[in-house]
Structure formats: structure tokens, C-alpha cells
Amino acid sequence: MNENGADHVRREIENIDPSAVNRVRQEKNAGLKPLENTEGGVVLRFAPNPNGPLSLGHSRGVVINKHYVENHDGKIVLRFDDTDTVVKPPLVEAYDWIIEDFEWLTGSKPDISIKASERMPIYLKYAEKLLSEGYGYVCECSSDEFKKHRMSMVPCPHRNRPVEENLKLWSIMLNGGKEPGDAIIRVKTDMTLPNPALRDWPAWRIQKNIHPVVGDLYNVWPLLDFQSAIEDHEQGVTHIIRGKDLMDSTRKQILLYDHFGWTYPETLYWGRVSIHDQGSFSTSTMREGIDSGVYDGWDDPRLPTLMSMRKRGYHPNAIKSFWTEMGITQKDVAISLDSLNAVNSAKIDPTSRRISVIMDPVEIDITGDVPEKAVLPFHPDNQSLGNRHHSTKTGRVVIERVDLEDEIRLKDFADISNVENNYQIISTKKSDDRKIINWISADSIKDCTLVMPDGVDLVRKGCVVEDTELFVGEVIQMERNGFAKVMEWSDDSRVLHWLHR
RNA sequence: GCUCGUGUAGUGUAGUUCGGUCCAUCAUGACGGACUCUCGAUCCGUCGACCCGGGUUCAAAUCCCGGCACGAGCACCA
């Protein structure tokens, strides 16, 4: 019975259906898994804090949610979670920035766009409902005091206040009669729950800072778990896709939904993403760096904001396929920027014009039968991009100092050889397999600046470039050297920003 | 401490629900080659992985038990 185990079974199967044992090469399932439970329609949401523009990290949420909305004919809600005016105060300009970032990345505006701060009347209504139905209470413990209760599972002395007293204290809080830290609204769950994070979690706190959108209208503000839970219900959100650090948030919110008799949306999670060759930037650290002058602004090339990436020349579709290929696994991943850059290169290479840029120029004289002009294609595989025309009358060319060898080929122009300290033209046709280098006719060189990050610094390197009509905003490929974006292009100033190899 | 989650090639993934079609997919990377007037593009090839230990079974990446590693939550941040 045991002998020839798998082989035995294989033979048995072969007797029944010979084709069943043929090996079929496995294939990879392409694309994201479709959403489940979509019969009632699909409403998704992306909910950033408007304390700055969107970062590369945020873009995962935009891309994945938008992808599902398109595939399930659903709607996407852009919701500004701006209910904290103290720890992560909203930036008034960020609301528009985020909408622009969203539109740049997805090619369209969100179906619905709301600010939590403007929805306060709704949240307040539910806060009152929570209290009057006995599902919440005003807690006057300090956070340290409550922590002890949470850990020891012993209810705090405020837990059993009568509803009337809770409502009375609530109205005092609403009217500014209490100071931040004096009191908080908690959702009554169960102090003996095994997961400490879920025990009587906080829903509202007192904050009296001016809110950039609604001013000084409110003395109390809901916390994420409450505000988000209510708003998801109000918007009819069907699926939530969030980081797995918010798993306990889901569990807290389900407890609240149970109180109200609602059904919680389907929830999917993804793990953390860190970029290898890039430090971790939180929106608040970026903001500090900008305020203190370390960075030039939110679009500084050293910052991982979408603003910066757009400015540097990333194609939105590269970011899109990068995230959809990664999918929504719960694994924490550390990726290299090279992976993104590889996707971006593939997107931009077919349309990027080739331009010769020389960082460390050295001029050489060519003697012999030098043609009067040179014609080089802007793109080796895409003739529709046209040609570059340069005069070579003087017979002088500029090349990269490191390319200075006795036998070289000036790309698309001529083979030259050093004979007794004198470069002579051997042939205009490619005559052997000597090194091919990029060059510029001395008749048409222009000064140029290449801006690139170097560690934490941003350096401006002088260089020369061929005299060609480029337009600002175009991404070019510097021959043999990688991609760059044209930032300025006039007789006064020619500036390129380094993108990637 | 309590709770939750995750472990597949260098990196990122497919497959794990329902064990055999998996001597494990695809991309990127590295290496080699072809082609090309860029170190670009294109094409071909090679390399390389189921966290560990038991168990169940004819058969385990997949099921069970036990470890280990990493991450997260227990904020009056989101």
C-alpha cells in the first residue's frame, strides 16, 4: 500500500484519464483580486489628513481604491479627515493640493469630496444619540488614570453616570465650559475585553484651537474612530481598504456599529511600505523641514510628495502600475526606489527625446574632411520625433573628459583617431567597434545647470548641452546618462532636474 | 504585559480558501549572449525561494500542533 505512493496514484489516474497527469505550467494571476460582496454596488473612500499634500505612501490608497471603483463601476469619496487642530493641524492650502494630486494620479476628480469639519452637525447628533442611549459616557479621568483602568480591567468611576448627567456634562463641554484634558467622551464597550485597545475607547475630546475651515465654532472634536465610523455609514461606504495598523480601529468601530445596529463595511488591509534608499518622512517632519528652510517647499526634489514626483517627471501611470502590481498583501514590505524607477523608465523611454549633455567638457579639434553639419535623431526608435541639426563648420567638438581616448566614434557623426596629438577624421561611417560616445559641436554648445540630490543636499552642477529647442516640462534622456526634466529653457537660463537612470 | 497580524528567490509578487494539475508564477535584479551608431530600447538564456521543528496523509507551500522572527495596536494623532 505504501510503496510507490505518489507514483501509484499517478498510474491510477493515468488509467482513468491520461491527460490528467500532464504537467501544466503555472501562470500568475494578473492584476488585483476582485472585490467580494459587490452586489449592492461599490462605494469606496480615500481619507487623508489635509496637513500637507499627498505623498508616495498616500498614493497607494488613491490608486488601489480608484482601481476598484473603475472595475466595479462604483464611486469614490475623497474625505478630508480634519478633526484634529492640535496634533496634526490642517493646512488650509492642502485641501486643494490633495484634489490636484488625486486628479493628476487618477486622471479624474473624486465622485464626492467632503470635509469632516463641515460635517460636524451630523457627528454631534450621533454623539448625543450615543450618550442618550447609554452607549457612551463623559469620562473625567486623565489619560494616565484611565490607562490604569484599561490595563486592570476595572471600570473608572465615571462609567456608570446616569444618562442625564452625561448629557448635562456634554452640553457644558460643547459650550466651552471645560478645558482640554478635563473630560472626554468614551464609547462604552466592555472593560474585560481581552484586547485592551478596545476597552471603552475614546470618541470625543476637547480642543479649542481655531480650525482653518470652520474657525472657532466647536469646542469638542471627534476622534478618528468615531468620525470615520459615522461618516462611512453616512456615505454608504461598502468596502474599506486600510493599513493593518488600523485593524483595531475596525474592531472598535464594529462595536460602535453594534450599538447603532448598523452593518460594518467589508474591510481589507495592507501592510507597511518602506522605501529602502529613502528615509522615512512623515507629513509633519516634512512640514518642519520646509518651515525651517531645509527644503525649498513641498515639491522639493528630495521629498517623497506627489507634487515633487510630478515635478521631477514621474508618469502617473508608473505609480499606478507600481501599486497595482504590488497588490494589497498584509505583508510589510521594503522596496527599492529602483523598482519604481524601472516602471517609470518603461513609461517615458519611448517618448523621451535624446539630448547630449556633458558634465566635464573637454574641447578637441578635428582635422580632415569634416562635414559641415551633423544630423542626429532625437530618438533611435521613434523617427516621428525628428532630428537635431548642428553646424560642425569649425571642426571643434566637446566631449566628456573621461571619454578622451585615442580612437573614438562621435555618435552618429564620425570615427576619429588621435594621430600625433591631433584628432583626424577617419570615416563618417562606423568603420570598426571603437567606443561610441556622445558629443556636442563646439559651434552649438550652451551652458546648462543640472540639479540633483546628493545625500541630503541638493546640488547644482554646471554642464554644457547642445543648442536645441526644448520645452519646459519635457522629460529628456541625457545620452548615456539617464533621464532629466527640463525646468528652464531660455537664453538666460537652461536648467535640468535629474530624474533617474 | 495583553491583543492582533505577517513569514515564498536580492527585492516585490502568484499559488494557501477546497492537499495532488507546484521538481512552485510573473516582474525587477544580477550574470551571459544577440541586436542596436547611447551605459537607452528590444530579444534570448542562466541564477535564485516555500521561516524552523514535529504531526496527519499514498501525497503538504497548502491542513494540525509547537517554536522562532518581524511588524502593529493598547494616543484626549490620523
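All chains are named by letter (A, B, ...) in the order of the sequence lines, taking the proteins before the strands, and each is independently numbered beginning at 1. Values in this document were obtained by computation on a predicted structure and should not be read as measured data.
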Which is true for A:Leu224 with a 4.0 Å heavy-atom rule: it touches a base, it touches only sugar-phosphate, or it touches nothing?
-> base
Give one of base, sugar-phosphate or nothing for A:Asp412, where a contact means two heavy atoms less than 4.0 Å apart.
-> base
Is the distance between the ring centroids of A:His233 and A:Tyr264 less than 6.0 Å?
-> no
Before accepting this row, confirm whether a basic side-chain N of the pair A:Lys461/A:Asp360 lies closer than 4.0 Å to the acidic partner's carboxylate O.
-> no
With sugar-phosphate meaning primed atoms plus P, OP1 and OP2, does A:Arg409 contact a base, only sugar-phosphate, or nothing at under 4.0 Å between heavy atoms?
-> base
Is the distance from OP1 or OP2 of B:rC74 to the nearest side-chain N or O of A:Lys147 less than 4.0 Å?
-> no
Does the ring centre of A:Trp221 sit less than 6.0 Å away from the ring centre of A:His211?
-> yes
Checking all strands, does A:Arg251 fall into the base, sugar-phosphate, or nothing category for heavy-atom contacts under 4.0 angstrom?
-> sugar-phosphate
A:Asp332 (side chain) and B:rG5 (base): donor-acceptor pair under 3.5 Å | no
Remember a base hit wins even if backbone is also touched, and classify A:Met151 as base, sugar-phosphate or nothing at under 4.0 Å, heavy atoms.
-> base
Would you mind classifying the nucleic acid contact of A:Gln330 as base, sugar-phosphate or nothing, using non-hydrogen atoms under 4.0 angstrom?
-> sugar-phosphate
For A:Ala346, answer base if it contacts any base atom (sugar-phosphate contacts may also be present), sugar-phosphate if it contacts only those atoms, and nothing otherwise; contact means non-hydrogen atoms under 4.0 Å.
-> nothing
Does a side-chain heavy-atom distance below 4.5 Å link A:Ile445 with A:Glu466?
-> no
Looking for any heavy atom pair under 4.0 Å, which part of the strands does A:Gly327 touch: base, sugar-phosphate only, or nothing?
-> nothing
Length of the line joining A:Ile184:CD1 and B:rC76:P, which is rounded to integer Å = 6 Å
Tell whether A:Lys430 reaches the base of B:rC37 with its side chain through a donor-acceptor pair below 3.5 angstrom.
-> no
Across every strand shown, the nucleotide meeting Watson-Crick or G-U wobble geometry with B:rG71 (both distances under 3.5 Å) is B:rC4
Nucleotide opposite B:rG10 in a Watson-Crick or G-U pair, distances under 3.5 Å = B:rU28
Roughly, in whole Å, what's the span from CZ in A:Arg199 to P in B:rU3?
-> 9 Å
Classify the nucleic acid contact of A:Pro380 as base, sugar-phosphate or nothing, counting any heavy atom under 4.0 Å across all strands shown.
-> base
Touch check for A:Ser249, heavy atoms < 4.0 angstrom, all strands: base, sugar-phosphate only, or nothing?
-> nothing
Within the structure shown, what part of the strands sits under 4.0 Å from A:Thr329 by heavy-atom distance: base, sugar-phosphate, or nothing?
-> sugar-phosphate
Do A:Gln227 and A:Arg79 have side-chain heavy atoms sitting under 4.5 Å apart?
-> yes
Does A:Glu474 CD have over 12 foreign heavy atoms under 6.0 Å away?
-> yes
From the candidates B:rA41, B:rC4, B:rG7, the one with an atom nearest any side-chain atom of A:Met247 is B:rC4
Interatomic distance where CG belongs to A:Asp403 and C1' belongs to B:rC39 [whole Å] = 10 Å
Rounded off to whole Å, could you give me the CZ-to-P distance for the A:Phe483 and B:rG40 pair?
-> 10 Å
Between A:Arg205 and B:rC77, does any side-chain N or O lie under 4.0 Å from OP1 or OP2?
-> yes
Does A:Lys33 put a side-chain nitrogen or oxygen below 4.0 Å from OP1 or OP2 of B:rG15?
-> yes
Using a heavy-atom cut-off of under 4.0 Å over every strand shown, decide if A:Leu223 touches base, sugar-phosphate, or nothing.
-> sugar-phosphate
Pick base, sugar-phosphate or nothing for A:Asn438, based on heavy-atom distances below 4.0 Å to the nucleic acid.
-> nothing
